[in-house]
Amino acid sequence: MPKRNAVTSPLRNANNPKSIAAFRRHLRCQNPPKFQAGDVVDFEKEGGRKWPLMILGIRGDAADVICYDGNPHLVRLKVATLEALRITKVEASSEETIAMYRALVGLPVEEVAA
């Protein structure tokens with residue numbers, strides 16, 4: 001006799017209408033900004049090469065980001081360029097980390113725009 005909830009049997013609580021309705025309500029809620037200062041974003045390009053970047057600040061449609069190869073390198077990108085990337089992971093950094101990297105690449109520490 002097969003075990004209960006084995007792979008061959010349907011889950012008892014799958015496709016619960018209440019869970020689906022709650023999920024749909026959550027999807028309709030206001031979204032926060034897609035990116036903010038301190039986001040460490042891993043993205044992938046065709047061919048599978050992954051590269052991380054860290055957002056140091058966003059002002060209007062421009063973003064100050066660093067790429068890192070052992071040393072931080074300041075790059076200014078359009079937010080549209082960031083939005084077009086295939087993002088595989090996003091992690092948050094502390095304000096202290098943002099301030100440290102801003103100072104390392106010569107940006108004012110106090111101007112951390114989100």
_With rounding to the nearest 0.5 angstrom, report the CD to CG distance, Glu83 to Leu85._
9.5 Å
*asked:* If I take atom CZ from residue Arg86 and atom NZ from residue Lys50, how far apart are they, to the nearest 0.5 angstrom?
replied: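 One gets 7.5 Å once the value is rounded to the nearest 0.5 Å.
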Can you give me the closest heavy-atom contact between [X] and [Y], atom names plus distance?
X      : Y     : answer
Leu107 : Arg76 : CD2-NH2, 3.3 Å
Tyr101 : Ile66 : CD2-CD1, 3.5 Å
Val40  : Ser93 : CG2-OG, 3.3 Å

Any side-chain heavy atom of [X] within less than 4.5 Å of one from [Y]?
X     : Y     : answer
Lys34 : Val79 : no
Leu53 : Phe43 : yes
Leu56 : Val65 : no
Glu44 : Arg49 : no
Glu96 : Ile98 : no

_Passing candidate, side chain to side chain contact (heavy atoms under 4.5 Å, CB included) with Asp64, options Val75, Leu74, Leu77_ = Leu74
*Test side chain to side chain contact (heavy atoms under 4.5 Å, CB included) applied to Asp42 and Trp51, step by step*: CA-CA 6 Å; Asp42 287 359; Trp51 198 292; over 6 Å; no
_Looking at Val41, is its backbone amide N or carbonyl O close enough to the side chain of Asp39 to form a donor-acceptor pair, meaning the two atoms are under 3.5 Å apart?_
no
*Do other residues, nucleotides or ligands put more than 12 heavy atoms under 6.0 Å from the CG atom of Asp69?*
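Above 12, so yes.
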